[in-house]
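This report refers to the structure that appears directly beneath it.
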Amino acid sequence: MSQKKTIDIPILARVEGEGALALTISKDQITTLALKIYEPPRMFEKFLEGRSYQEILDIVARICGICPVAYQMSAVNAIESAFQAQVTPWIAALRRLFYCGEWIESHSLHIHLLALPDFLGFQSAPAMAEKYPEVLKRGLRLQSFGNHLIRLLGGRSVHPIGACVGGFYKAPSEALVKETLIQAQNLLQDCEDLITWLSTLPILKTTQEYHQEFTSISLYHPHEYPMIAGDIVSNRGDRISVEEFTTYFKEFQVPYSTALHCLFNEKPYLVGPLARINHCFGHLPVEIHHLLQKSNLHFPTQNMFWSIIARAVEVYYALLEAIKILSQARLDEKTQILFHPRAGVGFGATEAPRGLLWHQYQFNDEGKVEFARIIPPTSQNQARIEEDLKYSLNQLGLSQPKDKIAALSEQVIRNYDPCISCATHFLKVELQHL
Amino acid sequence: MKKITILGVGSPLGQDCLGWLVIEQLLARHHINLQRVHLEALDRPGVSLLDKMVGIERGIIVDAICSGAPLGTLHCFSKETVIQSHKLFSTHELGLAETLILGERLHLLPKELSIYGLEVAPEHSTLQEPLWTERELEPLLLKIEEQVAAWV
């Protein structure tokens with residue numbers, strides 16, 4: 001006789017922020033599944049109203065401690081779109097370099113300190129350290145370099161201050177560029193070794209049947225692997241401009257979670273590294289293609305457990321891209337353009353480590369914000385995570401013991417590297433400046 | 001390269017800014033030989049704290065501490081004490097204690113490492129402003145200066 005089973009995971013470990021999962025299984029069916037995100041009202045979109053465009057970057061950097069670069073870069077895209085300002089190719093390259101730092105830092109942290117302990121059966125990274133010291137040291141080296149790249153252009157890795165609307169306040173010195181280039185080149189072997197080692201992870205074998213049908217969304221650019229520019233594409237053949245986002249993507253509230261969900265054409269969808277690699281695999285450098293072939297790793301894939309491989313590939317890509325930009329540094333060129341603020345609406349989208357991050361601002365003729373809207377990747381993934389949980393738990397078998405169901409649920413959620421701290425939405429708050 | 005380091009960690013704002021205040025005061029007092037000792041404030045470094053330990057023989061970390069002791073209690077712990085009693089120190093994953101445990105297991109920590117701090121109110125207390133006057137910081141500053149003088 002089938003029993004009713006209730007599984008409550010009150011706190012999700014090793015994700016950024018706080019979340020919980022409530023699940024009810026009855027007569028071998030999942031009857032309720034709720035991913036609860038504790039998102040206190042953070043009011044960032046309201047904070048921005050009435051502020052000058054010059055203040056936006058410092059404010060949005062504080063939305064997320066892990067991906068401040070992403071928030072700043074989506075913001076500058078939107079602001080410059082409103083002001084009809086166009087940066088030079090060199091400034092665009094510097095922005096990509098800045099972003100490379102964040103991808104390397106964020107992905108390395110996730111792979112080594114959040115995902116691997118789980119996949120290898122340890123409670124935490126410190127517990128994993130005794131058996132895998134060199135793996136963790138490699139991860140820390142890569143993460144450290146990511147922070148160094150962010151500091152190179154941002155001045156510091158926590159809430160960087162070097163970026164501005166129109167470019168950067170200051171170019172790095174020639175000596176620092178040379179030193180950074182050498183450091184980057186010395187890490188190439190680490191990136192290759194990481195991918196090769198990850199290809200042998202037992203979890204890839206045990207979950208090889210976990211192929212799902214789902215929609216994925218990312219930016220797409222004709223000439224480069226997407227970071228700071230492009231149209232929005234899906235794996236179903238859709239292609240829309242950044243300005244059209246709200247026509248096709250709709251946010252809504254669920255009763256059990258304060259964080260908003262988002263649907264594309266009324267369906268859940270995936271954003272993040274796996275979506276990017278699946279759409280833009282051909283844009284990766286030949287070194288990466290050779291390595292993946294040698295390691296018997298094939299994309300595209302609809303297996304979410306391959307997200308850890310996707311992140312490692314993007315670490316390698318970001319390092320190669322950083323080397324390319326540093327080798328061709330044009331330090332005598334200006335790092336800022338001139339422009340004039342004006343009334344208007346602007347839209348910007350870039351690829352945060354966790355996926356597409358979309359901003360919209362409306363300005364008055366003094367360049368003050370009249371309206372702001374920010375849609376982070378984690379809230380876009382929430383409906384997809386719930387869909388995945390239903391799929392994956394059915395694959396596992398709902399008659400499995402409670403602890404196995406809970407363990408798989410945590411792994412499934414962690415595949416999306418949810419940054420639950422990225423909370424930008426509020427509910428009907430009126431704010432007065434005193 | 002300087003072999004002794006003093007790192008003030010935490011947010012630069014609110015009660016968590018103790019580490020920043022201490023570094024600021026130590027620099028202003030000029031009692032520490034800056035040719036031999038590196039001082040730095042770090043904004044919530046997480047595991048990046050381990051980067052700052054590379055090549056260091058002796059170190060001090062200064063942080064606001066929440067252990068249930070009376071407010072303002074001066075704490076001084078060895079790294080071994082922190083590592084062995086990490087539940088006391090950490091309120092979430094990848095906090096100072098977890099970072100030190102990771103560093104210890106990867107042999108990345110200096111041979112001598114002390115953690116100094118003052119007891120602060122719990123996170124959700126209504127006490128939001130720093131509690132310390134210069135007078136209140138004095139015992140902590142003196143202890144750190146004595147420790148460094150013994151090492152140099």
Side-chain angles (χ1 to χ4, degrees), chain A residues 11-18 40 61-62 64-66 68 101 104-106 108-114 116-118 122-148 150-151 154-161 183 414 420-421, chain B residues 1 5 7-14 16-17 19-20 23 40-56 63 79-110 113 123-124 126 128:
Chain A
I11 298 174
L12 288 169
R14 286 194 306 285
V15 293
E16 301 294 340
E18 292 184 10
R62 280 147 176 83
C64 181
I66 302 290
I104 293 170
E105 186 275 322
S106 176
S108 298
L109 185 152
H110 172 87
I111 290 168
H112 295 90
L113 302 183
L114 303 182
L116 275 178
D118 201 11
F122 295 97
Q123 286 292 319
S124 64
M128 187 183 141
E130 280 188 37
K131 195 168 176 202
Y132 296 96
E134 296 310 316
V135 169
L136 281 169
K137 281 184 189 172
R138 183 174 59 207
L140 292 177
R141 282 197 293 275
L142 289 167
Q143 190 197 357
S144 175
F145 181 72
N147 279 326
H148 174 77
I150 297 173
R151 278 194 301 272
R156 59 191 192 200
S157 57
V158 177
H159 306 149
I161 48 174
Q183 280 183 38
R414 215 173 285 111
I420 298 163
S421 323
Chain B
M1 184 194 172
T5 193
L7 303 171
V9 302
S11 167
L13 302 171
D16 206 25
C17 78
W20 289 71
I23 295 295
E40 190 174 354
L42 299 171
D43 186 351
R44 291 156 289 182
V47 291
S48 302
L49 182 66
L50 297 176
D51 291 347
K52 301 293 181 181
M53 306 283 182
V54 173
I56 298 299
D63 196 5
K79 63 174 177 179
E80 289 79 10
T81 305
V82 172
I83 287 166
Q84 280 156 25
S85 57
H86 70 277
K87 281 179 187 161
L88 177 67
F89 291 87
S90 178
T91 59
H92 53 89
E93 300 279 359
L94 301 177
L96 177 60
E98 283 83 5
T99 299
L100 293 180
I101 294 169
L102 183 62
E104 179 76 355
R105 293 190 182 172
L106 296 177
H107 308 292
L108 296 173
L109 297 184
L113 182 65
E123 208 176 341
H124 299 297
T126 54
Q128 292 299 312

* **Contacts of N147(A) that satisfy side chain to side chain donor-acceptor pair (under 3.5 Å) - sequence neighbours left out** =>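 By the side chain to side chain donor-acceptor pair (under 3.5 Å) rule, N147(A) matches S48(B).
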* By side chain to side chain donor-acceptor pair (under 3.5 Å), which residues pair with S106(A), not counting sequence neighbours? ->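 With sequence neighbours excluded, S106(A) shows a side chain to side chain donor-acceptor pair (under 3.5 Å) to R354(A), given in chain and number order.
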Hey, what do you get for [atom1] ([X]) to [atom2] ([Y]), rounding to the nearest 0.5 Å?
X: R105(B); Y: K131(A); atom1: CZ; atom2: NZ; result: 14.5 Å
X: R44(B); Y: H159(A); atom1: CZ; atom2: NE2; result: 5.0 Å
X: R141(A); Y: L50(B); atom1: CZ; atom2: CG; result: 13.5 Å

* **Segment of D51(B) engaging chain A (4.5 angstrom heavy-atom cut-off)** =>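 Side chain of D51(B) only, per the 4.5 Å heavy-atom cut-off to chain A.
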* Where does L108(B) contact chain A at under 4.5 Å (heavy atoms): side chain, backbone, both or neither? ->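 The answer is the side chain of L108(B).
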* To do: Find the one option among L42(B), D43(B), L106(B) whose heavy-atom pairs under 4.5 Å with chain A are most numerous.
  =>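 Going by pairs under 4.5 Å, I would pick L106(B).
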